[in-house]
Amino acid sequence: TVNINLTGMMNTCATVLPYMDKQQFGKGGMIVNVTSVVGLDPSPVFCAYSAAKFGAIGFTRSLADPLYYSQNGVAVMAVCCGPTKLFVDRELTAFLSYGQSFADRLRTAPCQSTTICAQNIVKAIECGQNG
C-alpha cells in the first residue's frame, strides 16, 4: 500500500520533474497527484491506505510550495477523490477484523462513478492552481 500509493508517486514526481523544470529541460507544467479523501481525515478501517494518502497529500503540499514553483514553474496539486462505485463494489477488507462492519457499510454510502471522478479531475486541472 505504501509502496504504490506513496513511494511510487514520489518516485514518479522525481522522475518527471527534471523534464518539466524550467531551470533544466522543461517549460513548466503541472503535476496532478490523485489521492483520496481518506488522506484528509483518519480512517479507522483502512489504516495503511489512509497513512499513505496522508503522506501523498503532505508530499504534494510540500512540493507545491512557492519556493519551488517560483523557480521551476511546475505547479503541483492533489485531487482528493471520494469513494467510487468501482471501489465499493470490490471486496473490502479492514486493517483489523473488527473494522469489517464499517467497511461493509461503505457499500451503501453515496459514491461517484469513475467517469464522473475523471471528469472532476479534468475540471480541477483546468481550474486549478499550484497547491
Side-chain angles (χ1 to χ4, degrees):
T1 297
V2 172
N3 281 342
I4 292 168
N5 290 288
L6 179 58
T7 307
M9 180 267 310
M10 292 171 69
N11 288 338
T12 300
C13 287
T15 300
V16 302
L17 264 171
Y19 296 98
M20 299 172 78
D21 188 332
K22 287 181 178 181
Q23 294 182 343
Q24 295 187 45
F25 308 113
K27 298 177 183 176
M30 178 179 279
I31 294 173
V32 179
N33 292 323
V34 179
T35 182
S36 170
V37 296
V38 175
L40 297 172
D41 290 310
S43 172
V45 176
F46 308 112
C47 301
Y49 182 75
S50 180
K53 294 303 182 176
F54 264 89
I57 292 169
F59 178 81
T60 301
R61 290 180 65 198
S62 297
L63 200 56
D65 189 276
L67 170 73
Y68 292 120
Y69 181 66
S70 65
Q71 294 181 40
N72 65 21
V74 179
V76 185
M77 76 161 48
V79 177
C80 301
C81 301
T84 62
K85 186 76 174 132
L86 184 67
F87 173 75
V88 298
D89 283 347
R90 292 178 51 211
E91 179 66 30
L92 302 176
T93 55
F95 183 71
L96 299 171
S97 61
Y98 43 84
Q100 190 59 47
S101 62
F102 180 83
D104 292 341
R105 283 199 317 258
L106 276 176
R107 294 191 196 296
T108 60
C111 59
Q112 60 192 337
S113 70
T114 52
T115 301
I116 295 297
C117 184
Q119 289 170 349
N120 287 326
I121 290 171
V122 170
K123 187 183 296 184
I125 293 168
E126 291 173 345
C127 300
Q129 300 174 5
N130 185 47

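Numbering starts at 1 and runs along the sequence shown. Fair warning: this is a prediction, and the values are worked out from it, not measured in the lab.
A distance of 11.5 Å separates CD in Gln23 from CG in Leu17, rounded to the nearest 0.5 Å. Put simply, CD on Gln119 and OG1 on Thr114 are 10.0 Å apart, with the number rounded to the nearest 0.5 Å. Separation of atoms CG (Asn120) and CD1 (Ile125) is listed at 11.0 Å; rounding is to 0.5 Å.
Considering all non-hydrogen atoms of both residues, Ala56 and Thr60 come closest at O-OG1, 2.8 Å. Looking at every heavy atom in both residues, Gln24 comes nearest to Pro18 through OE1-CB, 3.3 Å. The minimum heavy-atom distance between Cys80 and Thr35, with the atom names listed, is SG-CG2, 3.5 Å.
A continuous path of Ile, Leu, Val, Met, Phe, Trp and Tyr side chains, each step under 4.5 Å between heavy atoms, connects Ile57 with Val37, placing both in one hydrophobic cluster. Val32 and Met9 are members of different hydrophobic clusters when ILVMFWY side chains are connected at heavy-atom separations under 4.5 Å. Put simply, Val34 and Val122 are part of two different groups of oily side chains (I, L, V, M, F, W, Y) that touch within less than 4.5 Å, one to the next.
Side-chain N or O atoms of Thr1 include none that pairs as donor or acceptor with a backbone N or O of Tyr49 at under 3.5 Å.
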Would you mind writing out the side-chain donor-acceptor pairs for residues 62-69 within the sub-3.5 Å range, not counting sequence neighbours?
residue	atom	partner	partner atom	Å
Ser62	OG	Gly58	O	2.9
Asp65	OD1	Leu67	N	2.8

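Applying the side chain to side chain donor-acceptor pair (under 3.5 Å) test to Asn72 and every residue at least two apart in sequence or in another chain returns nothing. Partners of Met20 by side-chain contact (heavy atoms from CB on, under 4.5 Å), not counting sequence neighbours, listed by chain and number: Val16, Ile31, Val74.
Counting heavy atoms from C-beta outward, Val76 and Asn130 have side chains that approach closer than 4.5 Å. In this structure the side chain of Cys81 reaches within 4.5 angstrom of the side chain of Ile121, judged on heavy atoms.
Residue pairs satisfying the ring-ring contact (aromatic ring centres under 6.0 Å, His included) criterion with at least one member in residues 104-131, sequence neighbours excluded, are absent. For the side chain to side chain donor-acceptor pair (under 3.5 Å) condition, the pairs that include at least one residue of residues 4-20, sequence neighbours left out, are Asn5-Lys53. Within the structure, no pair that satisfies the ring-ring contact (aromatic ring centres under 6.0 Å, His included) test touches residues 106-131, not counting sequence neighbours.
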